[in-house]
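Here's the structure we're looking at; comments come further down.
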Amino acid sequence: MTPRTRARPAVRRVVSLVPSLTEAVAATAPELLVGATDWCEHPADLDVVRVRGTKNPDVARIVALAPDLVIANEEENRAPDLGALRAAGLDVLVTEVRTLGQAFAELERVLVRGCRLARPAWLDDARDAWRDVRADAPPVRAVVPVWRRPWMVLGRDTFAGDVLARLGVLNVHAGHAERYPRIPLEELNSCGAELVVLPDEPYRFGADDGPESFPGLPSALVSGRHLTWYGPSLAQAPTVLGAALRAAGR
């Protein structure tokens with residue numbers, strides 16, 4: 001006689017340390033969320049306990065919330081913080097998202113296997129939105145800053161870089177040894193780029209803050225949420241990003 005399989009405990013309380021994943025859970029089962037970071041701005045009416053930032057979470061406050069699951073990401077959250085949460089007895093699910101394909105796989109892992117939810121319709125909508133995306137022009141080489149003072153750009157193995165490549169924008173620094181290298185502005189202007197892509201997060205580039213540093217290069221001002229977030233925004237990302245690139249003459 002084989003032993004009876006023990007049922008996995010239900011997940012009723014979730015703390016999210018990743019803005020993208022906070023929005024993903026909120027769009028699927030908002031009643032599960034009991035805590036999120038100060039940077040979790042979507043949905044706008046999210047009403048949960050705030051546990052500071054992604055890089056400096058309030059471990060004691062998270063532990064006091066007694067979550068069944070803490071959702072994190074290997075890039076956005078620090079290993080010592082996640083270790084402290086595990087040491088306190090919490091279940092911590094850590095995602096890795098460096099490509100669009102990984103984003104879809106990790107979203108399913110978080111929502112279905114982690115939170116024990118049914119696969120949400122919006123996730124299928126997002127997959128459908130990207131399934132037939134094809135660049136409608138020859139690829140263009142671009143530099144993609146994510147910060148200034150100092151200047152930092154997308155390097156190798158980034159989710160945003162993979163998203164742009166699918167839209168026909170090739171990151172000039174995709175072969176760099178670092179994922180987010182610091183590169184002097186004069187080098188960015190002499191790297192052979194044909195376009196500069198300026199997202200509005202993490203640094204809030206805008207029409208009056210960014211394009212002036214790249215004279216002679218067309219600038220595409222894009223939504224950082226649609227470029228770097230993996231969640232419900234993925235369903236609109238091809239349309240939103242495509243429009244911004246076309247506005248820059250891409």
Side-chain angles (χ1 to χ4, degrees), residues 18-20 23 37-42 44 53-56 73 75-76 97-100 103 130 133-231 233-234 236-250:
V18 186
S20 298
E23 184 179 24
T37 74
D38 297 343
W39 301 109
C40 295
E41 300 176 345
H42 293 276
T54 57
K55 306 297 186 190
N56 65 335
N73 174 262
E75 178 178 300
E76 296 208 40
V97 178
R98 301 190 182 188
T99 67
L100 184 64
W130 282 97
V133 168
R134 299 288 185 276
D136 56 5
V140 60
R141 288 166 51 83
V143 59
V144 191
V146 293
W147 201 259
R148 68 183 302 177
R149 304 183 192 94
W151 286 95
M152 298 175 67
V153 299
L154 292 185
R156 63 171 179 86
D157 299 334
T158 65
F159 170 73
D162 186 51
V163 165
L164 287 172
R166 293 167 187 270
L167 296 169
V169 177
L170 303 183
N171 176 18
V172 169
H173 297 97
H176 198 282
E178 299 177 28
R179 297 186 66 215
Y180 299 98
R182 298 184 181 191
I183 298 180
L185 182 59
E186 57 271 21
E187 291 186 28
L188 297 181
N189 273 299
S190 61
C191 67
E194 304 162 278
L195 175 73
V196 57
V197 177
L198 297 167
D200 61 10
E201 63 174 78
Y203 185 90
R204 190 174 292 278
F205 288 108
D208 299 320
D209 187 356
E212 78 290 344
S213 297
F214 299 89
L217 275 186
S219 298
L221 298 170
V222 304
S223 162
R225 175 167 166 258
H226 291 92
L227 178 62
T228 65
W229 287 39
Y230 33 90
S233 59
L234 282 173
Q236 294 80 40
T239 300
V240 172
L241 295 174
L245 293 170
R246 287 192 295 274
R250 165 64 185 92

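Throughout, numbering of the chain's residues begins at 1 and tracks the sequence.
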message: Regarding Arg98 and Thr158, do their side chains bring together a donor and an acceptor under 3.5 Å, going by distance alone?
response: no

If we only count heavy atoms from C-beta on, is the [X] to [Y] side-chain gap below 4.5 Å?
X	Y	value
Arg182	Trp147	no
Pro218	Val196	no
Trp229	Pro19	yes
Val197	Leu154	no
Asn73	Val18	yes

Non-hydrogen atoms of [X] and [Y] that approach each other most closely:
X	Y	value
Val222	Ala244	CG1-CB, 3.8 Å
Leu245	Ala220	CD2-CB, 3.9 Å
Val97	Tyr230	CG1-CD2, 3.6 Å
Pro145	Pro199	O-CD, 3.2 Å
Ala142	Val169	CB-CG1, 3.4 Å

For the atom pair [atom1] ([X]) and [atom2] ([Y]), what is the distance rounded to the nearest 0.5 Å?
X	Y	atom1	atom2	value
Cys40	Asp38	SG	CG	8.5 Å
Glu178	Ile183	CD	CD1	8.5 Å
Phe159	Thr99	CZ	OG1	8.5 Å
Leu241	Thr239	CG	OG1	9.0 Å
Glu201	Trp39	CD	CH2	9.5 Å
Arg225	Ser20	CZ	OG	9.0 Å

Return yes if some donor-acceptor pair links the side-chain N/O of [X] with the main-chain N/O of [Y] below 3.5 Å, else return no.
X	Y	answer
Asp162	Asp157	no
Asn171	Gly161	no
Asn56	Gly53	yes
Asn189	Ser213	yes
Glu194	Arg141	yes

task: Evaluate side chain to side chain contact (heavy atoms under 4.5 Å, CB included) for Phe214 paired with Leu195, printing each intermediate quantity in order.
output: CA-CA 9 Å; Phe214 299 89; Leu195 175 73; over 6 Å; no

- prompt: Can you name the side chain to side chain contact (heavy atoms under 4.5 Å, CB included) partners of Leu221, sequence neighbours left out?
  reply: Leu198, Ala207, Pro211

query: Does atom CZ of Arg148 have more than 12 heavy-atom neighbours, drawn from other residues, nucleotides or ligands, at distances under 6.0 Å?
result: yes

- prompt: Within a radius of less than 6.0 Å around CH2 of Trp130, do more than 12 heavy atoms belonging to other residues, nucleotides or ligands occur?
  reply: yes

message: Applying ring-ring contact (aromatic ring centres under 6.0 Å, His included) to Tyr180 and Trp151, what does each step give before you reach the verdict?
response: CA-CA 10 Å; Tyr180 299 98; Trp151 286 95; over 10 Å; no

message: One pair to check against salt bridge (charged side-chain N to carboxylate O under 4.0 Å, His left out): Arg179 and Glu75. What are the steps and the verdict?
response: CA-CA 10 Å; Arg179 297 186 66 215; Glu75 178 178 300; 2.7 Å; yes

Side chain to side chain contact (heavy atoms under 4.5 Å, CB included) evaluation trace for Leu227 with Leu164: CA-CA 8 Å; Leu227 178 62; Leu164 287 172; 3.7 Å; yes

field: Check against side chain to side chain contact (heavy atoms under 4.5 Å, CB included), Leu188 and His173
entry: CA-CA 10 Å; Leu188 297 181; His173 297 97; 3.6 Å; yes

task: Take Gln236 and His226, measure what side chain to side chain contact (heavy atoms under 4.5 Å, CB included) needs, and give me the verdict at the end.
output: CA-CA 7 Å; Gln236 294 80 40; His226 291 92; 4.0 Å; yes

